[in-house]
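Just below is one structure, and these are the notes that go with it.
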Amino acid sequence: MRKLHGKKFIVRTLFSAVLLCALWDLQAAGAADIQARPDAAGTGQGREPEDDGVRQLYDDYYRNFESVEYRADIEACGFRIIEEQIFPVRMRQYGDVSVIPAFDREYNRLALFFSLQDGTVVYKTEQLETNNRSRGEMRQSTREISAISLQDVDGDARMDIVLLTVCGDGEEACRVGDVLFQNVWGTGFYRDYRISDKINRFGMNKSIDLITAFARDGESTEFLYTAATLDELLENGFQIIEEQHYPRNFEKLGRLQVVPGTYHIANNDVFMVYLVNEDGYIAAGLQPMGNYDSLYALKGISCRDIDGDGLKDIVVLARYSYEGIGASDGSGNGQSGGHQLIVRSDYSVYYQRTGGFSEDEQMRDWYPCSAEETMEGLVEKAREFWGWKSEQ
């Protein structure tokens, strides 16, 4: 009987192992299918779209994308090639190939096609962060490629691709960063969505240097947005601008230290303003730098009632620098983008509310900032916007 039970145990164990393997293969196949066929909304998360019409549109688009087998097929399948941004990259399996960026003419989605000298497309991808800017929509806001760099980001002796695009127009324009890592076989590239998420969520998408400082060197601005105390900021390299560091009594929030400062990364000074309570905890974090690359000079911070509700508000006036967006530099080394440094004066107004501060979204359209702007003049204009009489 013992031998019989032993045989039954072995049979059951083998059956369980086979069943687990089958389930594992099924799960892996499903995951691979989801990764290869992102949802119609373009989120890449495999979510079933609510609108069958959008699914059909995406299926039609993806069918065209999959139909590209040769370089000559790219235009025929509905894509517009960005000729000035074509660049070479070495893939371990194929040697030197041409990377051909192209926009889908209908939905403005960006795709990269990798072709041999004879025109054969050996790899293609449209799994890019820039194609996920407008969640749940086929049409995307990508306007142009700002910069492309080829370098070994992860230290495996294979060339990777650092991509920087521009989305939106005017004041809504922003850069979107991405890193494509060459796989171990040298047959294609993959994107780690966690890296892409942090690059763009924590403002490390301003330049190629800033992206590589994070993805290659491990430097990060994440702590600026997640720190709970002033000590934590200082431990990670935050530098206080002492000239504008002072205490103020904010009626709803109590006595707080106004703590402006910068964190230096990739030749940029990321500017933040924190309000810290008497126990050293951060009560609020303000981001007046917005989409600018770096703080050039802080002209002043004023804490006084702006909108007439009897509560102290905060006005920040500073000069910021950013890199002008240009075309390829023509060097042929896969690096593109303008390098013109532009300096501009700008301001932000934060209104005190019961639970914190709310950034102004109206006054900036009414009163643009000039290069000669002063804090006194700006405060007067801000109070005028809310109906205060001039103090002059």
Side-chain angles (χ1 to χ4, degrees), residues 171-172 174 201-203 221-234 236 238-263 269-292 294-295 297-320 344-369 373-388 391:
E171 293 293 330
E172 300 299 321
C174 65
R201 185 149 54 100
F202 298 118
T221 61
E222 182 175 355
F223 77 94
L224 294 173
Y225 305 89
T226 61
T229 66
L230 179 58
D231 285 344
E232 188 176 345
L233 290 174
L234 298 176
N236 283 278
F238 184 73
Q239 299 292 318
I240 298 175
I241 301 175
E242 294 293 350
E243 295 81 3
Q244 297 291 328
H245 175 202
Y246 49 76
R248 284 292 184 272
N249 182 40
F250 292 93
E251 294 75 11
K252 292 287 186 180
L253 303 173
R255 188 173 179 80
L256 300 173
Q257 292 281 335
V258 179
V259 187
T262 60
Y263 174 64
D269 290 315
V270 181
F271 176 51
M272 300 281 286
V273 178
Y274 297 95
L275 301 176
V276 181
N277 66 24
E278 295 178 348
D279 295 322
Y281 285 94
I282 297 171
L286 312 179
Q287 307 170 37
M289 194 172 80
N291 288 327
Y292 294 109
S294 181
L295 176 69
L298 177 59
K299 301 180 74 171
I301 299 177
S302 178
C303 301
R304 59 187 302 180
D305 183 14
I306 296 296
D307 57 356
D309 62 358
L311 306 177
K312 288 189 185 68
D313 306 307
I314 298 176
V315 181
V316 181
L317 177 62
R319 300 187 73 197
Y320 303 102
R344 178 182 173 184
S345 294
D346 208 342
Y347 69 90
S348 297
V349 180
Y350 299 90
Y351 303 111
Q352 185 183 170
R353 300 293 182 246
T354 301
F357 288 84
S358 175
E359 185 172 5
D360 172 80
E361 296 180 353
Q362 303 176 37
M363 180 183 162
R364 289 167 59 87
D365 294 332
W366 175 76
Y367 183 69
C369 187
E373 191 66 72
T374 64
M375 179 58 75
E376 294 76 11
L378 178 60
V379 168
E380 184 170 345
K381 281 294 183 181
R383 289 163 63 88
E384 179 184 334
F385 176 79
W386 288 98
W388 293 70
E391 296 182 350

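- No more than 12 heavy-atom neighbours from other residues, nucleotides or ligands sit within 6.0 angstrom of OH on Tyr281.
- A donor-acceptor pair under 3.5 Å is formed between the side chain of Thr229 and the backbone N or O of Glu232.
- The pair Lys381-Glu384 meets the salt-bridge criterion, since a charged nitrogen lies less than 4.0 angstrom from a carboxylate oxygen.
- Put simply, the side chain of Arg248 never gets that close to the backbone of Ser302: no donor and acceptor are under 3.5 Å apart.
- Screening residues 253-263 for side-chain hydrogen bond (donor to acceptor under 3.5 Å, both in side chains), with sequence neighbours left out, gives His245-Gln257.
- With hydrogens and angles disregarded, no donor-acceptor distance shorter than 3.5 Å links the side chain of Gln352 to the backbone of Leu311.
- For Arg353 and Asp307, the salt-bridge test passes: some basic side-chain N is under 4.0 Å from an acidic carboxylate O.
- Between Asn236 and Glu222, every side-chain heavy-atom pair lies at or beyond the 4.5 Å cut-off.
- Using cut-offs of 30° and 60° on the angle between ring planes, the pair Tyr292 and Tyr320 is parallel.
- The shortest heavy-atom contact between Phe357 and Leu275 is CE1-CD1, 3.0 Å.
- The aromatic rings of Trp366 and Phe385 sit tilted, their planes meeting at an angle between 30° and 60°.
- Of all heavy-atom pairs spanning Asn249 and Lys312, the tightest one is O-NZ, 3.0 Å.
- With hydrogens and angles disregarded, a donor-acceptor distance shorter than 3.5 Å links the side chain of Thr221 to the backbone of Phe202.
- For the pair Phe271 and Pro288, the tightest heavy-atom approach, listed with the atom from each and the gap, is CE2-CG, 3.4 Å.
- A donor-acceptor distance shorter than 3.5 angstrom exists from the side chain of Tyr274 to the backbone of Leu224, with no hydrogens or angles considered.
- The backbone N or O of Ser345 lies less than 3.5 Å from no partner atom in the side chain of Lys299, so there is not a single donor-acceptor pair.
- Panel note: side chain Arg383, backbone Asp305; a donor-acceptor pair is recorded below 3.5 Å.
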